[in-house]
Amino acid sequence: MDRLYRIAAGPARFQGRRFPRPPTASTMIPLWSPSMSWITVKSAFKSPVGTSVTIKGWVRTNRESKADGGLCFLAVSDGTCFDPIQCVVKGGGSSAVANFAEVQKLTTGCSVEVDGEIVASQGKGQAVEVLVDATKGGAVRIIGLVENPDTYPVANKRHTFEYLREQAHLRVRTNTFGAVARVRHTLSMAMHRFFHERDFFYVHTPIITASDCEGAGQMFRVSTLDMCNPPRMGEGAEAAKKEGTEASRHQGTREGGSAPSAVDYSHDFFGKEAHLTVSGQLNVETYCSALSRVYTFGPTFRAENSNTSRHLAEFWMIEPEVAFADLKADALLAEDFIKYLINAVLTERPDDMKFFDERIETGLLKRLGDVLDKPFRHLPYTEAIRILEQAIAKGQKFEYPVKWGTDLQSEHERYLTEQHFKQPVVLMNYPKQIKAFYMRLNDAGTDGAPGDTVAAMDVLVPAVGEIIGGSQREERLDVLDRRIEEMKLPVKEYWWYRDLRRYGTVPHAGFGLGFERAMMFLTGMQNVRDVIPFPRTPKSAEF
RNA sequence: UCCCCGAUAGCUCAAUGGUAGAGCGACCGGCUGUUAACCGGUAGGUUCUAGGUUCGAGUCCUAGUCGGGGAGCCA
């Protein structure tokens, strides 16, 4: 400890023993202090006029002028805020920096270190700028040039998002993707803060799962077996070994002859089949049954062949779980959560949000403000069906029929949230046959439903659609077992999940919020591939 | 996975089956406390891949690859 921190006060005593006093914010002297030698562009903007500063960053644009015997206007960004800072580099007389000829040749993307003075700007477009005058110690040190500016992938001009996706390693240097990155960070922090402030504990649920019981779509296999010659079950094992790769080559064509027997996963790394997780919920429920309020936030994997602007093979999901909570409480938590996130990005990243409002989605700020103003509309599924049927009777056209007991289609959800209510809608109490086994069975006739319903909820928001899916969980072992049986699931696999209902079961509820969908909702970005740094989609895992 | 659309200069897009074009960007010059600058000039192409039709294919046909929009699945 004393190697890292200088201890300001003497040793403390705890139960009679001497301990170094734990460092506090006021006694910690940071070892890593870049502000000693340079400051961020963000803090340069906040520095008073007259301050000598050094900044480091990348050139966004370089404009030249013949005024004052020669000037270069370097817009330099270090990503710490939306705006680059303008550095006015002198090129005439004794004020000229020594390497002015090189500075003139700087192009978009070059990295530089600039010494100068914060001054009030003479031009329009910025309040302050960095004056680089050699007589006042001003200098520009070139750190890295852009070789062949003609082919620099993110030249200073408009690019389509489709093109920039192919330049994912450089796209974060653009206005849009820099803003996305900062808002994404802000959203992560706000999300943790929201739960932390409400006594939730962050639980790291596993990425690899060996239980095939999560049941939320196709999974990616995790294996260390030799794909060309995997061990086989029973007698087939010997045959497969003899035939070598021949056997596996015929795996796909199971016609005639002896089909190779199933792969013996007892020889695999975990001794059984393993996959990447599709949800942390079942695991987090175990911690909920001891810590009361928990959440998990991590990557989630779906091997579905989904080719849409709203799906990724690898995405991040936030899943809170609350003990002693019912569906109503769950819905209110979800609403508080979404509003907290909106407020956080609006107050913490006003520069980026202004940009999204002006260039990405006109009216974004108003849309988000409207969501903050009104309570979410709660609506039973059964009532939603009635509204949709009435809409059809009045002439509204849908591609898919509306019928109690079937899932609502995207077009139905969009109608409800974008046209009928024009605000976020929480749909509740869905027919049991279209929802997962762990959702709590409602009493017969809840909301006047003609069939059995479960305590499920979906939060639908304009422009994005389903952003949250959640439910009250089935805490009654006998009812849970009946549901597992009805859905023909392997009850043995759920032994530890069932244990939670055997030993001190409690009502509990939770939801899952797709982090990238929240990003789309908050930024107005229309493609999920543009709100995650390195998107993974079918046929695409570059970078 | 299904339906529709697309792939031509670094980028965005034109080009009736008959010599490959523009804007932006880059480079050079002019002008300017500039800032989506402006004006003039220069360079830049195996038209996604493989077949096919044709005297002749960027253009028509077949297959494939990749990309986009929509749908399903969902978050």
Side-chain angles (χ1 to χ4, degrees), chain A residues 60-75 83-92 105 107-109 119-126 129 131 146-167 175 215-218 278-281 299-319 334 359 399-400 407-411 413-414 434-436 458-461 464-470 511-521 526-532 537-540 542:
Chain A
R60 277 290 178 78
T61 58
N62 182 9
R63 290 178 294 271
E64 271 188 76
S65 171
K66 288 283 159 53
D68 297 350
L71 291 175
C72 274
F73 297 91
L74 294 180
D83 286 315
I85 196 161
Q86 174 160 282
C87 301
V88 183
V89 184
K90 293 276 197 177
K105 289 178 182 160
T107 56
T108 302
V119 297
S121 180
Q122 292 178 35
K124 289 171 185 167
Q126 59 281 316
E129 60 195 17
L131 178 65
V146 166
E147 57 170 61
N148 194 2
D150 192 26
T151 61
Y152 182 57
V154 288
N156 184 35
K157 56 160 290 184
R158 283 171 195 273
H159 292 291
T160 60
F161 291 152
E162 290 81 9
Y163 168 72
L164 288 171
R165 260 169 237 154
E166 295 167 5
Q167 309 294 338
N175 281 341
Q218 284 294 111
V278 294
S279 163
Q281 183 203 315
T300 311
F301 307 88
R302 305 274 167 92
E304 303 285 354
N305 193 6
S306 296
N307 296 290
T308 81
S309 57
R310 305 188 315 283
H311 290 85
L312 291 165
E314 176 183 292
F315 65 100
W316 289 66
M317 188 156 61
I318 304 135
E319 295 172 286
R359 295 297 178 89
E399 190 184 341
Y400 290 86
D407 216 350
L408 296 180
Q409 302 294 319
S410 293
E411 58 176 348
E413 296 180 342
R414 273 204 308 274
I434 57 171
K435 288 292 181 183
D458 281 355
V459 179
L460 313 177
V461 294
V464 175
E466 183 181 344
I467 195 169
I468 280 179
F511 61 79
L513 173 130
F515 190 69
E516 285 72 23
R517 293 214 179 148
M519 281 292 296
M520 293 167 74
F521 172 68
Q526 294 197 335
N527 195 309
V528 74
R529 300 174 188 110
D530 297 329
V531 296
I532 189 168
T537 53
K539 308 282 189 220
S540 176
E542 192 69 50

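Just so you know, these numbers use all the heavy atoms, side chains as well, and skip hydrogens, waters and symmetry mates. Since the structure is predicted, the reported quantities are computational estimates derived from the model, not experimental observations.
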- Message: At under 4.0 Å between heavy atoms, how does the protein contact nucleotides 63-68 of chain B? Give one character per nucleotide, 5' to 3', with B, S or -.
- Response: ---SSS
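- Side chains of A:R60 and A:N175: a donor-acceptor N/O pair is present below 3.5 angstrom, by distance only.
- Residue A:E64 places no side-chain atom within donor-acceptor reach of the base of B:U34, judged by atom type and a 3.5 Å distance cut-off alone.
- Of all heavy-atom pairs spanning A:V459 and A:A334, the tightest one is CG2-CB, 4.3 Å.
- Using a 4.0 Å cut-off, no side-chain N or O of A:Q218 falls inside it from OP1 or OP2 of B:C73.
- In this structure, a donor-acceptor pair under 3.5 Å is absent between the side chains of A:T300 and A:E314.
- Under the 4.5 Å side-chain criterion, counting only non-hydrogen atoms from C-beta, A:L460 is not in contact with A:R414.
- In this model, no side-chain donor or acceptor of A:S306 finds a partner on the base of B:C74 within 3.5 Å.
- Nucleotide B:U65: paired with B:A7 (Watson-Crick or G-U wobble, both distances less than 3.5 Å).
- Residue A:R310 places none of its side-chain N or O atoms closer than 4.0 Å to OP1 or OP2 of B:G69.
- Comparing atom distances between the A:R517 side chain and each of B:U34, B:A75, B:A71 picks out B:A75 as nearest.
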What's touching nucleotides 24-29 of chain B from the protein side, N or O pairs under 3.5 Å?
residue, atom, partner, partner atom, Å
B:C24, O2, A:K157, NZ, 3.0
B:G25, N2, A:D150, OD1, 2.4

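- The CZ-P distance, from A:F161 to B:U12, rounds to 13 Å in whole Å.
- Contact annotation: A:T61 does not reach the phosphate of B:U34 (side-chain N/O to OP1 or OP2, under 4.0 Å).
- Residues forming a side chain to side chain donor-acceptor pair (under 3.5 Å) with A:Q126 (at least two apart in sequence, or on another chain): A:S121.
- Look at CD on A:E413: it is 11 Å from P on B:A71, rounded to the nearest Å.
- Distance, A:H159 NE2 to B:G23 P: 18 Å, rounded to whole Å.
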